[in-house]
Every structure is written in structure tokens, then in C-alpha cells.
Visitor: 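Below: one structure in C-alpha cells.
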Amino acid sequence: AFVISVCCTAMRVLCLLPVRSLFPGASPAGPVASPAGALSPFMGSIRILCFFSLGVALGWLSIIPEWLHGGPLAPSALLFLVFTVGLGPGADIRAFGIIRDMHVKILAVPLLVVLGSGLGALGASLVLPELSAKDALCVGAGLGYYSLSSILIENAGNSALASVALLSNILREVMAILAAPLLARFCGRLTPVAAAGATAMDTGLPVIARFSGERVAVIAVFSGMSLTLLVPILVTAA
């Protein structure tokens, strides 16, 4: 699962690098303007990792009340987070103009993410001889959408591969969130969208908006929505 997640994430980023020039403001032109005293990209990743590790530790120790993590609070908090992030692009009247100005170019982002995931999955199958190319493509087709892709694979009768898909897509999501500050700084502000895959429209959106800017956040929402719709088609086809 780790090898597949690394290969797919790396290839998605590499596939998007050649088209950065098509999107104004997507080049690695230094950090996005932020409030005074904001953390650097390196410290941003460390802070995200610390909070994630703290959550894992508290969950493992079972000292958190069940209503806090097993009830509706967690998904409600995520929805509220996505809502607040969306206020920025929504309040900017230029957001819809961004999509209009890009025309067909914006379709290149989700299409290249799909291509990168496929190439990364095939590369992982070469590194892991016990994993067939078909199974690797099936896992890679999840595009970070771990819940739906694993369920589809489970329903197809392959429980072991469903577990690999679940873990691989979770790892991809975590890596995308942690790497977003560094990717935006050194590889271009559009690359965190590629790394996040289908999660660019929800869990990955806050860090994308923070480190890549609201212009790229608009692209992230479009790409994430498109990939979310493609996941069931790609997983079933694989």
C-alpha cells in the first residue's frame, strides 16, 4: 500500500509539471502571501504532522469519548472546515471568472491526475512482483477516495485488495496534506492539487487554499469533483 501510494502521488505530480505554464499563478514563485508571523512551508508540514500524530495517539489510547470520534461531530467538523475554506473563493467575484478564462484547459488537471495515477500504479506493479498490473491499476483508480474505492473492490470479491486500496488511499491523502506546503513552494502551486487527487475538494482543500492560493483552490474544487465522479467508473473498469 505504501509503495503504491508513493508511486501514484509522485507520478501525478510529475504529469502535472509540464502544464504549469497554462495556468497563470501556478508556478513556484515563492510562498503565497500570508499573515505576518505565519509558519514557513517546512514548519507548516511539521505542524500538520504533529496534530495528525496527536490524533492517532489519542485514538489508540482510547481516552477520547466515543461521541467525539464515532458520532456525527467528525464529519460535521470536516463539512464546516470545507465551508469556511469555500468562503474565500466564493467571496472573490473573480473565482467564476477564473474558470471561464481557463476554458478547456481546466480539464487537463483531472485528466493528468488520472494518467499519473495509472502510470504510478503500473510502476508499483513492477516493484512488487506479487501484485499484478490489473490489481495495481484497480488500487490506483481510487485516486485518494478510500471509502468508495475499497467498498467497490470488496463488493467485487477481493477483500485483501480492498484492504490494500483502503490503506493506500489513506496514505495518499496524508502524504498530500503533509507535502502540500513543500510542493507549492518548490514544484508549483498546482502540484498539491495533483497530489491530493479526489480529496482536493474536501480534506486537501484547506492546505491547498493556504499554500497555493484561492485561485488554485478553485481549480482544486473542480478537479476534486471531477475525479470523485470518475472513481467508480475507473475502479469498475480496472
Side-chain angles (χ1 to χ4, degrees), residues 1-20 28 41-42 45-46 48-49 52-53 56 108-188 190-200 203-204 207-208 223-224 226-228 230-238:
F2 177 76
V3 171
I4 296 174
S5 61
V6 170
C7 290
C8 287
T9 301
M11 285 306 302
R12 289 204 299 250
V13 171
L14 289 175
C15 283
L16 212 60
L17 287 178
V19 301
R20 289 181 306 181
F42 293 100
S45 294
I46 293 175
I48 293 170
L49 179 60
F52 176 77
S53 301
V56 172
V109 178
L111 291 178
L112 288 173
V113 169
V114 172
L115 175 63
S117 291
L119 293 176
L122 290 176
S125 68
L126 298 177
V127 178
L128 304 170
E130 69 275 12
L131 185 70
S132 68
K134 181 180 178 180
D135 288 346
L137 286 172
C138 195
V139 175
L143 302 173
Y145 197 165
Y146 53 84
S147 56
L148 179 59
S149 60
S150 58
I151 291 174
L152 290 173
I153 297 173
E154 175 72 28
N155 290 339
N158 196 332
S159 300
L161 190 63
S163 300
V164 174
L166 176 65
L167 184 56
S168 175
N169 284 296
I170 289 177
L171 287 172
R172 268 186 268 181
E173 180 179 344
V174 173
M175 284 193 297
I177 293 174
L178 294 179
L182 301 179
L183 288 174
R185 180 73 179 272
F186 299 107
C187 298
L190 199 60
T191 52
V193 179
T199 62
T203 53
V207 290
I208 291 172
S223 177
S226 302
L227 295 173
T228 298
L230 285 174
V231 166
I233 299 174
L234 295 174
V235 173
T236 303

Visitor: Kindly compute the distance separating CD (Glu130) from OG (Ser125), expressed to the nearest 0.5 Å.
Guide: 10.5 Å

Visitor: So do Pro192 and Val207 actually touch side chain to side chain, heavy atoms under 4.5 Å?
Guide: no

Visitor: Do you know the tightest heavy-atom contact between Leu122 and Ala133?
Guide: CD2-CB, 3.9 Å

Visitor: If you take all heavy atoms of Ala136 and Leu131, which pair is closest and at what distance?
Guide: CB-CD2, 3.7 Å

Visitor: Taking only residues two or more places apart in sequence, or in another chain, which ones meet Ser132 in a side-chain contact (heavy atoms from CB on, under 4.5 Å)?
Guide: Lys134, Asp135

Visitor: Can you see which heavy atom on Ala195 is nearest to which on Leu183, and at what distance?
Guide: CB-CD1, 3.8 Å

Visitor: Between Gly120 and Cys7, which heavy-atom pair has the shortest distance, and what is it?
Guide: O-CB, 3.2 Å

Visitor: Would you please name every residue forming a side-chain hydrogen bond (donor to acceptor under 3.5 Å, both in side chains) with Ser117, sequence neighbours left out?
Guide: Arg12

Visitor: Is any side-chain heavy atom of Leu17 less than 4.5 Å from a side-chain heavy atom of Cys187?
Guide: yes

Visitor: Which atoms form the tightest heavy-atom contact between Ala194 and Val113, and what is the distance?
Guide: CA-CG2, 3.8 Å

Visitor: Excluding sequence neighbours, so at least two apart, what forms side-chain contact (heavy atoms from CB on, under 4.5 Å) with Ala165?
Guide: Val139, Ile153, Asn169

Visitor: Looking at Gly140 and Arg172, what are the two nearest heavy atoms and their distance?
Guide: O-NH1, 3.4 Å

Visitor: How many angstroms lie between atom CD1 of Ile170 and atom OG of Ser5, to the nearest 0.5 angstrom?
Guide: 11.0 Å

Visitor: Using 0.5 Å steps for rounding, measure from the CD1 atom of Ile177 to the OG1 atom of Thr199.
Guide: 6.5 Å

Visitor: Sequence neighbours excluded, which residues qualify as side-chain contact (heavy atoms from CB on, under 4.5 Å) partners of Val114?
Guide: Leu143, Leu227, Leu230, Leu234

Visitor: Apply side-chain contact (heavy atoms from CB on, under 4.5 Å) to Leu115 and list each qualifying residue two or more places apart in sequence or on a separate chain.
Guide: Cys15, Leu112, Leu119

Visitor: What is the distance from atom CG of Leu161 to atom CG of Leu166, rounded to the nearest 0.5 Å?
Guide: 11.5 Å

